[in-house]
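Structure record follows, encoded as structure tokens.
Numbering of residues begins at 1 and proceeds along the displayed sequence.
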Amino acid sequence: MPALAASALLLAAGCSSPSSQAEPPSSSAGRQTDAETSASSADRSLAVAAAPAGGAATAAARPGDADGQAHRTKLSVSSYDSKTGRAVISSDASSGTPSDTAGASATSSGTPSNDGTGGASSPATPSPTASEVPHRTAVGDVIASAPAPGAPNGLLAEVTKVIGETAEGTAVQTEPAQLNALLGDDTAKGSVPVDPASFDIDKLLPDVDVSWSRTGDVHVGPEGATVPLGSLRLDVRADLPTLGNESASAAASVSGFVQVAPQVDFRYGGEGADVAPASAYLGVSGDWTSGWSLEGRAGASAAPVRIPFATLHADPVLQVGPVPVVVNLDLTCYVAISGDGRITVDVEQSLEGDFKAGGTFGLGQGWTPVSASDMKSTPVRTSVTTAGSVKAALGAQASVGLYGSVGVVADLAPYVRGEGTGTVTGTDDVFEADGSWAVYGGVDLSGTLRLQLTVFGTPVFQRDIPLGALHHEWKLAGGGTP
């Protein structure tokens, strides 16, 4: 899981402005803000969307400026050292285009210049329009960046010292910053789907196949798999621990698939650049589908034995007005098994539903957890032999954070649980039983809010906050006589 990035700093993908006629250079053009940041003076709500592919604009603000608003610039992070907080910032003036860059912030003296650049002139380039003039790095700049060299999780930091010029750009010293310094008194709310093809996937078991589907592109792992648009699917087969001296016929295995369409949920209600926001939210949600079977006699274990079979990581960039907000999303898919080691089962079930987990902030109550899940199961095929109990889950643990800081950890574990005192065989609602038996489906959702949620600019809380366990179980089948 990503740890808190002690320093976070500079650049990220920016949205293109709505198409309009280009304006000639003028002082009024220099005072233009990004289209995303101000639809009108009366409406300060920022749009939240996925950053455009290939966009790489930097957002910067100087809290001491007259307007204090964040603006897109032509800065980029050439290098960053997370241990020292030192970065080298270069200007993309020579290669940038008006379509993917926008005006810089005003001067640190608090008096905006006519061209919005803080009085800094462009280095040896033709006279650019105000929207093309590069921003010169200065002490006090708060800068946000998409993933960059040395900062794979994105960067968010304040420049504390300008060290000097190098062949690559301006060397600066930085310290961690917070989002309220950039978003100020703006508000923003939105949910952005995560591109399933953007995940880096590490298979931890040999029998794991990956499939995904997005607009214009489909990747299918196992033959016959179908994946809805925007979904990621992992198929797995894993042998489970068995009793030490049992015969091969008692070997246990689980097989099936997990399919998820994750999205990042973001909300911010600002009160100003130097005060805590009135509200904030960060979480992960989405649609969930799984189909799987458990066969055999697993070894005894009172505590669940968890077997991870794949880890996934993605760094989607949300465009919140002019500000690139880098979200770090990690998923660990796993199989978990527990039981008394005496029962032999053959259970198959499918689940479908949705989930939500995150943390919400308000000035009155601070950070509080949010968790919800609505799962429905399809008819079950069940065989339970001999007395005993077993519980198996095919789940996923997700962590979501900003700029390398883990803010929310959630564990979603749909499961099936069987118990019996005899032998039961059957399909759907038709069973033959000798003894009592029952099979249950369920879902457990748990997690933690981490200290690093203070990246929003909210007060530091003293300990991690549990999400609270959400437990829901339903009977799939059962009957017989004791």
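Screening Asp186, Val323, Thr187 for a side chain to side chain contact (heavy atoms under 4.5 Å, CB included) with Leu46, the sole residue that qualifies is Asp186. Among Leu318, Leu282, Asn153, the single residue meeting the side chain to side chain contact (heavy atoms under 4.5 Å, CB included) criterion with Leu402 is Leu282.
For the pair Asp265 and Arg267, the salt-bridge criterion is not met [side-chain N within less than 4.0 Å of a carboxylate O]. Between Asp209 and Arg237 there is no salt bridge, since none of the side-chain N atoms of the basic residue sits less than 4.0 Å from a carboxylate O of the acidic one. We find that Asp374 and Lys356 are not joined by a salt bridge, their nearest charged nitrogen and carboxylate oxygen being 4.0 Å or further apart. Ion pairing between a basic and an acidic side chain is recognised when a charged N comes within 4.0 Å of a carboxylate O; Asp235 and Arg233 show such pairing.
Across all their heavy atoms, Gly457 and Asn180 have their closest contact at CA-OD1, 3.7 Å. Summarising the geometry of Pro277 relative to Gly269, their closest heavy-atom pair is CB-O, 3.3 Å, with the distance given to 0.1 Å. Shown here for Trp292 and Pro414, the closest heavy-atom pair between the two residues is CZ2-O, 4.2 Å. The heavy-atom pair separating Leu470 from Ser373 by the smallest distance is CD2-N, 3.5 Å. Scanning all heavy atoms of the two residues, the minimum distance from Leu234 to Cys333 falls at CD1-SG, 4.4 Å. Summarising the geometry of Thr166 relative to Ala171, their closest heavy-atom pair is CG2-CB, 4.1 Å, with the distance given to 0.1 Å.
Trp288 places none of its side-chain heavy atoms less than 4.5 Å from the side chain of Asp354. With a 4.5 Å cut-off on side-chain heavy atoms, Val139 and Val162 count as touching. Phe199 has its side chain within reach of Val194: a pair of non-hydrogen atoms, C-beta onward, lies under 4.5 Å apart. Here the side chains of Leu412 and Val443 are in contact, with some heavy-atom distance below 4.5 Å. Counting heavy atoms from C-beta on, the side chains of Trp474 and Lys376 never come closer than 4.5 Å. Put simply, the side chain of Val264 does not reach to within 4.5 Å of the side chain of Val284, judged on heavy atoms. At least one side-chain heavy atom of Asp444 sits less than 4.5 Å from a side-chain heavy atom of Tyr415. Contact of the Glu168 side chain with the Ser90 side chain is not registered, since no non-hydrogen atoms from C-beta on lie closer than 4.5 Å.
In this structure, CD1 on Ile163 lies 11.5 Å from OG1 on Thr137, to the nearest 0.5 angstrom. Rounded to the nearest 0.5 Å, atoms CD (Glu352) and CD (Gln259) are 8.5 Å apart. Rounding to the nearest 0.5 Å places CD1 of Ile89 at 7.0 Å from CG of Leu75. Atom CG of Leu351 and atom CG of Leu394 lie 9.5 Å apart (nearest 0.5 Å). Going from atom CZ of Phe309 over to atom OH of Tyr334 covers 10.0 Å, rounded to the nearest 0.5 Å. Remark: Trp212 CH2 to Leu232 CG distance equals 9.5 Å, nearest 0.5 Å.
The distance between the ring centers of Trp367 and Phe456 falls below 6.0 angstrom.
Without hydrogens or angle criteria, Ser213 side chain to Ser231 main chain gives no donor-acceptor distance under 3.5 Å. Judged purely by atom type and a 3.5 angstrom limit, Asp315 has no side-chain atom pairing as donor or acceptor with the backbone of Leu329. One N or O on the side chain of Gln173 and one on the backbone of Thr84 form a donor-acceptor pair closer than 3.5 Å. Not a single donor-acceptor pair under 3.5 Å links the side chain of Ser79 to the backbone N or O of Pro149. Formation of a donor-acceptor pair under 3.5 Å by the Tyr268 side chain with backbone atoms of Gly184 is found in this model. Judged by distance alone, with hydrogens and angles left aside, the side-chain atoms of Asp141 form no donor-acceptor pair with the main-chain N or O of Ile143 at under 3.5 Å.
Within 6.0 Å of NZ in Lys391 there are more than 12 heavy atoms belonging to other residues, nucleotides or ligands. Under a cut-off of 6.0 angstrom, the local environment of NZ in Lys161 is sparse, with at most 12 non-hydrogen atoms contributed by other residues, nucleotides or ligands. Within 6.0 Å of CZ in Arg86 there are 12 or fewer heavy atoms belonging to other residues, nucleotides or ligands.
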### Task
For side-chain contact (heavy atoms from CB on, under 4.5 Å), just list the numbers for Gln397 and Val409, CA-CA rounded to whole Å, side-chain angles, deciding distance to a tenth of an Å, and then say yes or no.
CA-CA 7 Å; Gln397 183 181 74; Val409 177; 4.1 Å; yes
### Task
Apply the test side-chain hydrogen bond (donor to acceptor under 3.5 Å, both in side chains) to residues Thr170 and Glu165: give CA-CA distance (whole Å), side-chain angles for both, the deciding distance (0.1 Å), then the verdict.
CA-CA 5 Å; Thr170 304; Glu165 298 300 321; 2.9 Å; yes
#### Entry: Test side-chain contact (heavy atoms from CB on, under 4.5 Å) applied to Leu183 and Val320, step by step
CA-CA 9 Å; Leu183 296 179; Val320 183; 4.0 Å; yes
### Task
Report the C-alpha distance between Tyr403 and Leu179 in whole Å, list the side-chain angles of each, state the deciding distance to 0.1 Å, and finish with yes or no for side-chain contact (heavy atoms from CB on, under 4.5 Å).
CA-CA 10 Å; Tyr403 303 101; Leu179 270 175; 4.0 Å; yes
### Query
Under the side-chain hydrogen bond (donor to acceptor under 3.5 Å, both in side chains) criterion, do His313 and Asp200 qualify, and how do the steps go?
CA-CA 5 Å; His313 176 81; Asp200 293 326; 5.9 Å; no
### Query
For Glu158 and Gln178, what are the C-alpha separation, side-chain angles and deciding distance, and is it a side-chain contact (heavy atoms from CB on, under 4.5 Å)?
CA-CA 9 Å; Glu158 179 180 350; Gln178 297 171 326; over 6 Å; no
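No donor-acceptor contact under 3.5 angstrom links the side chains of Glu175 and Thr160, judged on distance only. For the 3.5 Å distance criterion, the side chains of Ser255 and Ser293 qualify, holding a donor opposite an acceptor.
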